[in-house]
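Below: one structure, written as structure tokens.
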Amino acid sequence: MMAFHVARNNGEWGELFNIPPQEEIEVYVHFVNTTNRTLDLYWVRDPDTQNIQITLKPNQGVPVNTYNTHIWFFCDYYTGERMHVRSKRLFYPIRIRVPRNPQQPDELCDVRSQVLIHFPLRSLKENCLWLIVRWLKRTCNTPELLINNYLIPATLKQQLLLLLRTINSYYRQAHQRRLRMANRR
């Protein structure tokens with residue numbers, strides 16, 4: 001049985017794809033969804049390919065064997081909002097090895113890293129925009145029309161409409177990815 005260690009390596013897109021190629025090494029992780037949302041877990045090897053690995057319900061965890069060359073990110077199942085690991089949008093797994101026996105420190109074994117996925121830190125304004133758009137999506141057939149008729153500053157309308165378009169776009173793309181994934185099984 002593998003021991004758990006808290007995962008410690010993560011970064012941003014630019015810094016991860018600009019590093020020199022490295023040897024592909026298997027890495028053992030245990031993803032835990034600490035949010036109250038259902039999440040899609042994605043892995044990528046290059047910026048143009050996104051693969052849905054699994055969908056996690058709130059407070060659910062799953063062991064995953066991955067590679068150090070895979071970059072992971074996590075999205076709300078319904079809205080596409082990015083969740084974080086250690087306050088970063090991306091997780092880059094690294095192999096963790098510990099001595100199998102304290103008496104023989106040179107004999108190492110792999111351990112599974114616990115990766116805690118959490119809600120991103122947002123401003124009050126961002127929270128309000130997300131709440132309004134999510135509420136409109138659930139309760140209204142024409143949220144765009146409703147937003148355009150709000151008596152609020154044009155910049156807020158633009159931000160609400162952009163968020164709504166982002167959610168709708170994510171939903172269509174994720175739906176197609178889920179269908180492809182289901183067809184492969």
Apply the test side chain to side chain contact (heavy atoms under 4.5 Å, CB included) to residues Trp130 and Ile167: give CA-CA distance (whole Å), side-chain angles for both, the deciding distance (0.1 Å), then the verdict.
CA-CA 10 Å; Trp130 274 101; Ile167 290 170; 3.7 Å; yes

Contact check, side chains of [X] and [Y], non-hydrogen atoms, under 4.5 Å:
X      : Y      : answer
Phe74  : Phe91  : yes
Glu24  : Asn68  : yes
Val133 : Thr166 : no
Thr35  : Pro58  : no
Asn65  : Glu26  : yes
Val85  : Tyr92  : no
Gln159 : Leu162 : no
Leu163 : Ile132 : no

Is it true that atom OH of Tyr170 has more than 12 heavy atoms of other residues, nucleotides or ligands lying nearer than 6.0 Å?
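Yes, because the 6.0 Å sphere around OH of Tyr170 holds more than 12 heavy atoms from other groups.
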
Neighbour count above 12 (heavy atom, 6.0 Å) for Leu179 CG:
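Enclosed: over 12 neighbouring heavy atoms sit under 6.0 Å from CG of Leu179.
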
Would Val115 and Val64 count as a side chain to side chain contact (heavy atoms under 4.5 Å, CB included) if you check the C-alpha gap in whole Å, the side-chain angles of each, and the deciding distance to 0.1 Å?
CA-CA 10 Å; Val115 180; Val64 173; over 6 Å; no

For [X] versus [Y], what's the shortest heavy-atom pair and its separation?
X      : Y      : result
Asn33  : Leu56  : ND2-O, 3.4 Å
Val29  : Phe31  : CG2-CE1, 3.6 Å
Leu161 : Glu144 : CD2-CA, 3.9 Å
Val27  : Arg95  : CG2-N, 3.7 Å
Asp40  : Ala174 : OD2-CB, 4.3 Å
Ser87  : His118 : N-NE2, 2.9 Å

Would Arg82 and Phe73 count as a cation-pi pair here, with the cationic atom under 6.0 angstrom from the ring centre and within 45° of the axis?
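The answer is yes, since Arg82 meets both limits relative to Phe73.
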
Test: Arg178 cationic atom under 6.0 Å from Tyr77 six-membered ring centre, within 45° of axis:
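Satisfied, under 6.0 Å and within 45°.
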
According to a 4.5 Å side-chain heavy-atom criterion applied to Ile, Leu, Val, Met, Phe, Trp and Tyr, with indirect links allowed, do [X] and [Y] form part of one hydrophobic cluster?
X      : Y      : value
Tyr67  : Tyr28  : no
Leu108 : Ile96  : no
Trp135 : Leu164 : yes
Leu156 : Tyr150 : yes

If you round to the nearest 0.5 Å, how far is [atom2] of [Y] from [atom1] of [X]?
X      : Y      : atom1 : atom2 : answer
Tyr78  : Lys137 : OH    : NZ    : 12.0 Å
Glu107 : Asn101 : CD    : CG    : 7.0 Å
Asn168 : Thr79  : CG    : OG1   : 11.0 Å
Leu90  : Ile71  : CG    : CD1   : 6.5 Å
Leu129 : Lys125 : CG    : NZ    : 6.5 Å
Thr34  : His84  : OG1   : NE2   : 12.0 Å

Modelled atom types, side-chain donor and acceptor of Trp72 and Thr66, under 3.5 Å:
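Side chains of Trp72 and Thr66: pair found under 3.5 Å.
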
Before giving the answer on side chain to side chain contact (heavy atoms under 4.5 Å, CB included), spell out for Cys109 and Val98 the whole-Å C-alpha distance, their side-chain angles and the decisive distance to 0.1 Å.
CA-CA 6 Å; Cys109 67; Val98 297; 4.2 Å; yes

Check this for me: does any side-chain nitrogen of one of Glu81 and Arg134 sit under 4.0 Å from a carboxylate oxygen of the other?
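Salt bridge: no.
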
